[in-house]
K.L.:
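Take a look at this one; I'll ask things after.
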2 protein chains.
Amino acid sequence: MQNTTLKKIAETMGCSISTVSRALKHHPDISVKTREKVLELAAILDYEPNAFAVHLRTKHSKLIGLLVPAISNHFYESFISSVEEESRKNGYSLMILQSANDPDIESDNLRLFRQNRVTGLFACITADTTDLRHYNKMKELDIPVVFFDKVPEEKGLNKVCLADERAAFIAAEAITQAKKTKILALFGDPKLSITQKRRDAFERYIHKNNKGASIDLVFAKNSAEAETDTYKALEKTKKPDVVFCMSDELLLGAMKAIRQKQINIPRELGIITISNGFIPSLYYPEITYVETSGYKLGKLAFTQLMACLSGQPPLQELFVESSLVEGGSL
Amino acid sequence: MQNTTLKKIAETMGCSISTVSRALKHHPDISVKTREKVLELAAILDYEPNAFAVHLRTKHSKLIGLLVPAISNHFYESFISSVEEESRKNGYSLMILQSANDPDIESDNLRLFRQNRVTGLFACITADTTDLRHYNKMKELDIPVVFFDKVPEEKGLNKVCLADERAAFIAAEAITQAKKTKILALFGDPKLSITQKRRDAFERYIHKNNKGASIDLVFAKNSAEAETDTYKALEKTKKPDVVFCMSDELLLGAMKAIRQKQINIPRELGIITISNGFIPSLYYPEITYVETSGYKLGKLAFTQLMACLSGQPPLQELFVESSLVEGGSL
DNA sequence: AATATTCTCGCAATCGTTTGTAATTTTTTT
DNA sequence: AAAAAAATTACAAACGATTGCGAGAATATT
């Protein structure tokens, strides 16, 4: 069956299309009597405005693009969920694409977003994104981009991030207060600025406030690498007394190694991570973590995008604060 | 900056819009020479077809709707991820909305899908969905709907589901083969049909093939309940020698109790669950599970939808088979 | 050389809305 | 009652792309 259109309503009512259109949006030009009739008829015929026609005409797509590395990820999930919620509340639809951490797919997706004339875009860049041309093209087309989580280094972009330094700082503080000195620190891809920031903050704090502590610094690209690296570290004669993981992914790997070696937490070894809290709650004792909420980040990103859309874009880098959540692992 | 349009290209080339349009899609009517020129110019001007205009004209939206209870869910995530992947490969965009298990939001969302003239729809109904009118409206508009996971009872609908009975059956089989006889079986909300199906299949198999085995049947609404219930069961004098969980959520609770009691797996106690595999892999030893893959379900759903779109709709209920994935927990 | 055939390309309608402006009707004013 | 003002509705041009049809130019046929 065909969809009801303004034309169909107009014809069955015996009036013009524009009258119908205006009546439906309570335009003062239309008399109450006709408006009522139109509204009634529209309800009967189940009229649903054709979003494509509306967007084509108004040039306002009410569509927001969202680019994440992967949907199946415990952090992005909560971000997505939160953004979807806000979008729907504000009458926007969401177009979600995954880059799979591949710059080629990323640029394909950005093209798709452009073709769909998204009103705005949330983007999390891949580890290998070096070419920002596609993003710049968005700017040329007046499509505001709010980068989140993994953001480019460039200045003058809208970014919302977890307070990476702060989170690492808090973790380092907790380790220091727990009087741990032999630290195994697991970080992710060293190319990413998030890694650099967390690492810097972590080392700075430890060197300044935890004199005599040693840091065994390891970069692991994924969970499996984290596992082997942790395993190796635990076989050394000078075993660590605490493990710091900068992400859930690394925590998973580290915990597997720890379980294999049957090491008791927290008696023999402390562990702390940066997380949104889901994974840490799976273990017993629960893992102490510095909270970084994808949910909050999503809310913040949305506000930021709305600000861009409705006025002068406040080009700036915003942060979601972190806090320590005590499990029993430290 | 404005987007490049066919008109702009036509004007700078000094030819008509239709020529440009045809040249861009390699229409035989257009000479190679002009085609080349158009292509070149389009590349320079960064032409991106306006999806709205295309869809309005062609009446083919290349947009697929996806309705899930929640994005932040370890099962739907993989489903979404899989569907997104297929969609992109096939030139479709995805519009994802969450129902939050609320029938009102569900119907709002269905309206949104209609307004956006989705080409097809994947839907997982809420636990309280009784009114299928909104879905029937889709059918009237020739929008095929593929229900997945939680599907309506009605006949004559496209459904793709996990083989709930089979999964429980396989788990029961594995338990029997492992010669376990004192079974603690954790099931979810007894109101849900999925619970009933799994329970029936499980009990039937055990009673028939594992003579002398006893089943301690427990219904737990969430992870916390599963934890207390498991804890209690482990304190009884007649301890279970195996735990069966019908879902990841229950597994998480059970494992916490087991960890607290410092019980060795698999030496003192076996455990098996039904899962998509993520949570089981977090433990050491990894948990043996019957796989129910959201990923595979997504692939199946997509194929089903494509079939509906490209010919006679094969109204039918399809199932994703389950298989046993051996961890070291049994 | 005249006609037929094939190549190229442009015209114009269309998809379903929105919206400025003009036209018509009704009401008010004098 | 005639003119002015206000209220109501219709007309028509966009938005950007697609596509059937026809026109003109180039080539082929006799």
Side-chain angles (χ1 to χ4, degrees), chain A residues 1-39 41-42 45-63 91 112 114-119 141-142, chain B residues 1-39 41-42 45-63 91 112 114-119 141-142:
Chain A
M1 197 186 74
Q2 279 302 305
N3 256 298
T4 323
T5 65
L6 290 186
K7 194 175 170 187
K8 200 182 290 179
I9 297 181
E11 278 168 3
T12 60
M13 268 223 15
C15 70
S16 80
I17 295 177
S18 48
T19 303
V20 178
S21 172
R22 290 191 168 102
L24 285 174
K25 33 182 67 67
H26 291 65
H27 192 288
D29 268 10
I30 305 299
S31 70
V32 181
K33 204 168 24 161
T34 37
R35 188 214 293 160
E36 296 297 316
K37 271 205 288 187
V38 169
L39 253 26
L41 196 54
L45 294 181
D46 252 335
Y47 171 73
E48 307 266 14
N50 183 320
F52 295 135
V54 174
H55 298 161
L56 176 59
R57 172 64 219 233
T58 62
K59 299 214 165 197
H60 194 309
S61 72
K62 284 275 179 183
L63 219 202
L112 262 176
R114 262 179 277 126
Q115 293 191 353
N116 280 281
R117 304 292 192 267
V118 292
T119 304
L141 295 171
D142 301 316
Chain B
M1 197 184 75
Q2 280 300 305
N3 256 300
T4 334
T5 66
L6 289 186
K7 192 175 171 188
K8 201 182 291 180
I9 297 181
E11 278 168 1
T12 60
M13 268 223 15
C15 70
S16 81
I17 295 178
S18 47
T19 303
V20 178
S21 171
R22 290 191 170 101
L24 285 174
K25 32 182 68 66
H26 291 67
H27 191 289
D29 267 11
I30 305 298
S31 70
V32 181
K33 206 171 17 164
T34 36
R35 188 213 295 158
E36 296 297 316
K37 271 205 287 187
V38 170
L39 253 27
L41 197 53
L45 295 181
D46 252 333
Y47 171 73
E48 308 266 12
N50 182 320
F52 295 135
V54 174
H55 298 161
L56 176 59
R57 173 62 221 239
T58 61
K59 300 218 165 193
H60 196 308
S61 72
K62 284 275 177 182
L63 217 202
L112 261 176
R114 263 179 276 125
Q115 293 190 353
N116 280 281
R117 303 293 191 268
V118 292
T119 304
L141 295 170
D142 301 315

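All figures in this text were calculated on a predicted structure; none of them were measured in a lab. The chains referred to below are lettered A, B, ... by the order of the sequence lines, with proteins before strands, and numbering in each begins at 1.
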K.L.:
Given atom NE2 of B:His27 and atom P of D:dC21, what is their separation to the nearest angstrom?
P.N.:
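Going from B:His27 (NE2) to D:dC21 (P), I get 13 Å.
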
K.L.:
In whole Å, what is the span from the CD1 atom of B:Ile9 to the C1' atom of D:dG16?
P.N.:
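Nearest whole value for this atom pair: 12 Å.
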
K.L.:
What residues from residues 31-39 of chain B pass a heavy-atom cutoff of under 4.0 Å to DNA chain D?
P.N.:
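Hits under 4.0 Å, by residue number: none.
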
K.L.:
Confirm from the modelled atom types if B:Asp29 and C:dC7 form a donor-acceptor pair under 3.5 Å, side chain to base only.
P.N.:
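Between C:dC7 and B:Asp29, which were checked side chain against base, a qualifying N/O pair under 3.5 Å is absent.
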
K.L.:
Which residues pass the salt bridge (charged side-chain N to carboxylate O under 4.0 Å, His left out) test with A:Arg35, sequence neighbours left out?
P.N.:
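None.
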
K.L.:
Pull out every protein N or O sitting under 3.5 Å from an N or O of nucleotides 13-16 of chain C, one pair per line with the distance.
P.N.:
from: C:dT14; atom 1: O2; to: B:Arg57; atom 2: NH1; distance (Å): 2.8
from: C:dG16; atom 1: OP1; to: B:Lys59; atom 2: NZ; distance (Å): 2.8

K.L.:
Atom NZ of A:Lys25 to atom P of C:dG20: distance rounded to whole Å?
P.N.:
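Answer to the nearest Å: 13 Å.
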
K.L.:
Show the numbers, then the answer: is there a side-chain contact (heavy atoms from CB on, under 4.5 Å) between B:Cys15 and B:Val20?
P.N.:
CA-CA 8 Å; B:Cys15 70; B:Val20 178; 3.7 Å; yes

K.L.:
Test of understanding: with salt bridge (charged side-chain N to carboxylate O under 4.0 Å, His left out), list the residues that count as partners of B:Asp46, not counting sequence neighbours.
P.N.:
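Checked B:Asp46 against salt bridge (charged side-chain N to carboxylate O under 4.0 Å, His left out); matches are A:Lys137.
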
K.L.:
Let me know the distance between CG of B:Asn116 and P of C:dT17, rounded to the nearest Å.
P.N.:
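One finds 13 Å between P of C:dT17 and CG of B:Asn116, rounded.
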
K.L.:
Within the structure, does a side-chain N or O atom of B:Ser16 lie under 4.0 Å from either OP1 or OP2 of C:dC9?
P.N.:
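No, outside the criterion.
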
K.L.:
Could you state the CD-C1' distance from A:Gln115 to D:dA17, rounded to the nearest angstrom?
P.N.:
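Checked: the CD to C1' distance equals 13 Å.
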
K.L.:
Please check: side-chain N/O of B:Asn50 versus main-chain N/O of B:Phe52, any donor-acceptor pairing under 3.5 Å?
P.N.:
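Yes: the side chain of B:Asn50 pairs with the backbone of B:Phe52.
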
K.L.:
What integer distance in Å separates A:Arg22:CZ from D:dA7:P?
P.N.:
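Interatomic distance, CZ of A:Arg22 to P of D:dA7: 16 Å.
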
K.L.:
Does the side chain of A:Lys62 pick up a donor-acceptor pair with the side chain of B:Gln115 at under 3.5 Å?
P.N.:
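No donor-acceptor contact under 3.5 Å links the two side chains.
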
K.L.:
Could you pull out all residues at least two apart from B:Asn3 that satisfy side-chain contact (heavy atoms from CB on, under 4.5 Å)?
P.N.:
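Per chain and number, B:Asn3 pairs via side-chain contact (heavy atoms from CB on, under 4.5 Å) with A:Arg117, A:Leu141.
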
K.L.:
Between A:Ser18 and A:Ser21, do the side chains contain an N or O donor and an N or O acceptor separated by less than 3.5 Å?
P.N.:
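No, no side-chain donor-acceptor contact under 3.5 Å.
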
K.L.:
Please name all residues satisfying side-chain contact (heavy atoms from CB on, under 4.5 Å) with A:Thr4, sequence neighbours left out, ordered by chain then number.
P.N.:
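A:Thr4: side-chain contact (heavy atoms from CB on, under 4.5 Å) contacts with A:Lys8, A:Ile9, A:Leu45, A:Tyr47.
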
K.L.:
D:dA25 C1' sits how many Å from B:Ile30 CD1, rounded?
P.N.:
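Computing the B:Ile30:CD1 to D:dA25:C1' distance gives 14 Å.
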
K.L.:
Please find the pair of heavy atoms, one from A:Ile30 and one from A:Ala23, that lie closest to each other, and give the distance.
P.N.:
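Here A:Ile30 and A:Ala23 meet closest at CG1-N, 3.8 Å.
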
K.L.:
How many Å lie between CE on A:Met13 and C1' on D:dT9, as a whole number?
P.N.:
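Atom CE in A:Met13 sits about 11 Å away from atom C1' in D:dT9.
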
